[in-house]
There are 2 protein chains.
Amino acid sequence: MGAEADEFQRYLRTKGLKLTSQREGILERVLTVRKHFSAEELFDSLRDDPRGISKATVYRTLALLVEAGLLEEHDFERGHKVYERAANRTHHDHLICVACHRIVEFHDEQVERRQEQVAREHGFEVVSHTHQIFGRCPRCRQTGAAPAQPPRSGRLRAQRG
Amino acid sequence: MGAEADEFQRYLRTKGLKLTSQREGILERVLTVRKHFSAEELFDSLRDDPRGISKATVYRTLALLVEAGLLEEHDFERGHKVYERAANRTHHDHLICVACHRIVEFHDEQVERRQEQVAREHGFEVVSHTHQIFGRCPRCRQTGAAPAQPPRSGRLRAQRG
DNA sequence: TTCCGTGCAAATGATTTGCAGGACT
DNA sequence: AGTCCTGCAAATCATTTGCACGGAA
């Protein structure tokens, strides 16, 4: 099942690569994730996988999935990439809570249009863009939660259990 | 001279810190730079400085300058921060050429407004934002320059000589 | 003398890569 | 046989930090 799985296999084929069990395992997992995730988190979630997938392979496969167009890669916090499924999803940007790190997606036609316009005015041909709005989410505004310490190397809160 | 120098000194004072010769040297240099620069580039440009400023001090001082509001910090390429003067400058975002890395600034009221609006709709209180449009600049579109290989660890093209 | 600052070198931490053995064709 | 892969451990690389000495209040 999965047009995406086929898509990946097709991509690999064009590159003379194979869909190994590890890559399959990673793909499956990736397709079940709803939100944004980091390579580390993905690796953690695969700990119990019988195929025993190494961290190196996770990184290598994530790169392939991005190349194949199945995943989108974001760089919200320095030195910490985050991924999300690209398929079946319309383009969107992100609102990120500086206190709890919650990520909310948004899409605004007006912004998109102006963006194109601006690029055109400068003679640029748009290839892609990143638009992130950092702020305090409603929840954190109420609780007055502190801006969280994402100062150093922002490590995602380990989701254990 | 320099309202900015005063500004920095004022900031340091509030923190119980001092304006040492090294910090002064870094500040001076920073104030003469027109474009965006990395910590490494700044450090290089200070090699000839008689005060002998270490890389660690450059990093530490850059952080202070950002805190003081004199510099803005961007994270265009992963793991490679870039700075620019904040003073006397209105807010703006960036158009970045994927081929030659040229950076063009832009400001669009409409985008800014919509941005605020979007955040509000989601109950967010905006703290800051990043908006980068990646594309091909007019020059590179003509020459058909290749998208440059910023794949791995984006190291700025070493400007030697 | 008490902080604050600095340089140096070592530490970080996410991500990448070299290498040797395995698997699939 | 010949690729393509994988895991492991070591390497990267920008940035941070521990430490011990130096300087100004």
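For the numbers below, each heavy atom of this structure counts, side chains included, while hydrogens, waters and symmetry mates do not. Letters A, B, ... mirror the listed sequences (proteins, then strands); counts begin at 1.
- Between the side chains of B/His107 and B/Glu109, at least one donor N or O lies within less than 3.5 Å of an accepting N or O.
- Atom CZ of A/Phe43 and atom P of C/dT16 are 15 Å apart (whole Å).
- Distance CD (B/Glu40) to P (D/dT16): 13 Å, rounded to an integer number of Å.
- Between the P atom of D/dA24 and the CG atom of B/Leu12 lies a distance of 17 Å, rounded to the nearest Å.
- A/Arg85 places a side-chain N or O within donor-acceptor distance of the main-chain N or O of A/Leu31, the cut-off being under 3.5 Å.
- The shortest distance between side-chain heavy atoms of A/Phe124 and B/Ile133 does not fall below 4.5 Å.
- Within a heavy-atom distance below 4.0 Å of DNA chain C, the residues of residues 46-60 of chain A found are A/Ala56, A/Tyr59, A/Arg60.
- As a whole-Å value, the separation of B/Leu64 CG from C/dC4 C1' is 12 Å.
- With hydrogens and angles disregarded, no donor-acceptor distance shorter than 3.5 Å links the side chain of B/Arg136 to the backbone of A/Val127.
- A donor-acceptor contact shorter than 3.5 Å links the side chain of B/Arg23 to the backbone of B/Lys18.
- One N or O on the side chain of A/Arg29 and one on the backbone of A/Ser45 form a donor-acceptor pair closer than 3.5 Å.
- The separation between A/Gln9 atom CD and D/dC4 atom P is 16 Å, rounded to whole Å.
- The side-chain hydrogen bond (donor to acceptor under 3.5 Å, both in side chains) contacts involving residues 50-66 of chain B comprise B/Glu40-B/Lys55, B/Asp49-B/Arg51, B/Ser54-B/Thr57, where partners must be two or more places apart or lie in separate chains.
- Checking A/Asp93 against A/His129 by side-chain atom types alone, a donor-acceptor pair falls below 3.5 Å.
- Between the P atom of C/dA14 and the CG atom of A/Leu62 lies a distance of 15 Å, rounded to the nearest Å.
- Using a 4.0 Å cut-off on heavy atoms, the residues of residues 15-28 of chain B that approach DNA chain C are B/Gly16, B/Leu17, B/Lys18, B/Thr20, B/Gln22, B/Arg23, listed by number.
- Atom pair B/Asp75:CG and D/dA14:P shows a separation of 13 Å (rounding to whole Å applied).
- Taking the side chain as every heavy atom from C-beta outward, A/His122 and B/Cys97 never approach each other to under 4.5 Å.
- As a whole-Å value, the separation of B/Arg13 CZ from D/dA25 P is 12 Å.
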